[in-house]
> 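A single structure is presented below for examination.
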Number of protein chains: 2
Amino acid sequence: MAEALTGEAILAATEEVLRRYGPAKATVVDVAKALGVSHGSVYRHFPTKAALREAVTRRWLDAIHVEMESVLDAGASAADNLRAWLQHLFDRKRLSHVDEPELFATFKVLVSESRIIPEYHLGHLVGQIARIISAGVETREFVTDDIQRTAQAVWDATQMFHHPAHAQEWGNPHIQDEFDAVVSLVVAGLRYNRIPSATGDA
Amino acid sequence: MAEALTGEAILAATEEVLRRYGPAKATVVDVAKALGVSHGSVYRHFPTKAALREAVTRRWLDAIHVEMESVLDAGASAADNLRAWLQHLFDRKRLSHVDEPELFATFKVLVSESRIIPEYHLGHLVGQIARIISAGVETREFVTDDIQRTAQAVWDATQMFHHPAHAQEWGNPHIQDEFDAVVSLVVAGLRYNRIPSATGDA
DNA sequence: GGACTGACAGATATTGAAATCTGTCAGCTG
DNA sequence: CAGCTGACAGATTTCAATATCTGTCAGTCC
């Protein structure tokens, strides 16, 4: 009856079930029930429960990637762009964590379930940082001889403000000040950074 | 019989029991059994199980603090000192995690049980970073107008290499390279950092 | 005959009764 | 009488029986 069962409809229903019951309680049977079909039908579109969850997660992360794209070159200088981009990512994650802690926890679990998904997410975002740095190097605002490595270093140095393991600290009233201090330190480093391998020399 | 039951003997026995059974299984009864006394006697020296665990944890952290003190001013420049200090902390945690994963996990649980203990540990180590930076500012090697804030920023930027939540990444073969990149970026930032509040200007 | 169902086997999760643990304290012991 | 014991109440954990879930597939229904 009704329309044909599509992968998209299953994804939407899965997201809704995850919102309602959380990652521990959401079952394939629940999803099928929400769609008014038997759970066998769901397995016609997704080979396993893990694949279904992964597809939902990827869809959610892609929305973030698209949103972050739009902040890539909003400012006048590369430093402004980098700061704005990091601030935007931080604000988004922090708001999500504060306003919808259960949903945030749900996606935290989903992301950690797969080995591919975090790689995908990280690779994408570090790539965006690399593009900002690359633009800064071209205008001689930044100095580095290995853009990819430096982008990874910027990502690593700001882990505290995007890695979910640190989410509990995002409620701290001083967190924005700590963010500013770290980003200032990193931006100052980008202006004069010469990483070759080990000994940094002035 | 034997010698009087001392707090120190109880701490040593507790540490042994934690090593043997892990934080989830170690009970006060086990500690008492290891000492050949009734568990009521243990409560004569420590008011609760939590206090006992906290005392063991503090003893363990103090050993780290003392060890790190000895790396504070080993090198020629402040940059060398900072790099060596961060490297030493990273090596110590990484080795502990790789060689004795169960013991590492045990102390990770113990530290996370208290709110005071992490504060104590963090405060101590950030204080040591502040001393290194302060020495660097005096020799004009580093530039900053707020040593404490900058020390916190250095700590935050290197979270990945000492926060236990990132321990699983310490096995990655590229981790030392990532460490070098982040430390180089941070050291470069310290040389030219002017944090006032937001806009870093060269 | 392509999409869906529902019954099934093995794996996983839930439940509640029994066992153990924490923290207290009156009393023993040297 | 200072320090330890061991029995106790309430809280927590364990364990095994029970229920539910995952993934498959032969069969049903447009």
Side-chain angles (χ1 to χ4, degrees), chain A residues 1-58 102 105-106 108-110 112-117, chain B residues 1-58 102 105-106 108-110 112-117:
Chain A
M1 320 296 145
E3 287 79 44
L5 184 61
T6 65
E8 179 57 30
I10 294 175
L11 287 180
T14 304
E15 194 169 330
E16 178 56 23
V17 167
L18 282 166
R19 268 177 195 271
R20 199 185 294 282
Y21 301 125
K25 298 279 187 180
T27 70
V28 176
V29 172
D30 291 329
V31 173
K33 211 176 295 175
L35 289 163
V37 299
S38 85
H39 77 280
S41 303
V42 174
Y43 281 97
R44 190 153 283 285
H45 295 263
F46 296 92
T48 63
K49 185 185 186 182
L52 176 57
R53 285 171 165 242
E54 205 171 281
V56 169
T57 311
R58 188 177 288 261
E102 289 169 26
T106 294
K108 176 176 160 180
V109 169
L110 290 181
S112 70
E113 273 172 4
S114 157
R115 235 188 321 146
I116 302 303
I117 285 288
Chain B
M1 319 302 142
E3 286 79 45
L5 185 59
T6 65
E8 179 56 30
I10 294 175
L11 287 181
T14 303
E15 194 169 330
E16 177 56 23
V17 167
L18 282 166
R19 269 178 194 272
R20 198 184 295 281
Y21 299 124
K25 297 278 188 183
T27 71
V28 177
V29 173
D30 291 330
V31 173
K33 210 176 294 176
L35 289 161
V37 300
S38 85
H39 78 280
S41 303
V42 174
Y43 281 95
R44 189 155 283 287
H45 295 262
F46 296 91
T48 63
K49 185 186 185 182
L52 176 56
R53 284 170 166 244
E54 204 170 282
V56 169
T57 311
R58 186 177 289 264
E102 290 168 27
T106 293
K108 175 176 160 180
V109 169
L110 291 180
S112 70
E113 274 172 4
S114 158
R115 233 185 327 143
I116 302 303
I117 285 289

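Chain letters run A, B, ... following the sequence lines, proteins first and then strands; every chain starts at 1. Every heavy atom of this structure was used, including side-chain atoms; hydrogens, water molecules and symmetry mates were not.
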> Which atoms form the tightest heavy-atom contact between A/Ile116 and A/Arg58, and what is the distance?
CG2-NH2, 4.1 Å
> Using a strict heavy-atom distance below 4.0 Å, which residues from residues 26-42 of chain B are in contact with DNA chain D?
B/Val37, B/Ser38, B/His39, B/Gly40, B/Ser41
> Specify the separation, in whole Å, of atom OH of A/Tyr21 and atom P of D/dT20.
14 Å
> When rounded to the nearest 0.5 angstrom, what distance separates CD1 in A/Ile10 from CZ in A/Arg44?
11.0 Å
> Can you name the closest pair of heavy atoms from A/Ala55 and A/Phe46 and give their distance?
CB-CE2, 3.9 Å
> Please report the C-alpha distance between A/Val28 and A/Tyr43 in whole Å, then the side-chain angles of each, then the deciding distance to 0.1 Å, and finally whether the side chain to side chain contact (heavy atoms under 4.5 Å, CB included) criterion is met.
CA-CA 9 Å; A/Val28 176; A/Tyr43 281 97; 3.6 Å; yes
> Can you tell me the distance, in whole Å, between the NZ atom of B/Lys25 and the P atom of C/dC21?
10 Å
> Can you measure from NE2 (A/His45) to CG (A/Leu5) and round to the nearest 0.5 angstrom?
4.0 Å
> If you restrict it to nitrogen or oxygen atoms, what contacts under 3.5 Å exist between nucleotides 9-11 of chain D and the protein, and what is each distance?
none

> Can you name the closest pair of heavy atoms from B/Val17 and B/Ala34 and give their distance?
CG2-CB, 4.3 Å
> Near DNA chain D, counting only heavy atoms under 4.0 Å, which residues of residues 43-55 of chain A show up?
A/Tyr43, A/Thr48, A/Lys49
> Could you check if a side-chain atom of A/Asp30 sits within less than 4.5 angstrom of a side-chain atom of A/Thr27, using non-hydrogen atoms only?
yes
> Given side chains that start at C-beta, do those of A/Leu11 and A/Leu52 come closer than 4.5 Å, heavy atoms only?
yes
> Which whole-number value in Å describes the distance from B/Leu5 CG to D/dT5 C1'?
13 Å
> Is there a donor-acceptor pair under 3.5 Å between the side chain of A/Arg53 and the backbone N or O of A/Ser114?
no
> Is A/Thr106 reaching over with its side chain to a backbone N or O of A/Glu102, donor-acceptor style, under 3.5 angstrom?
yes
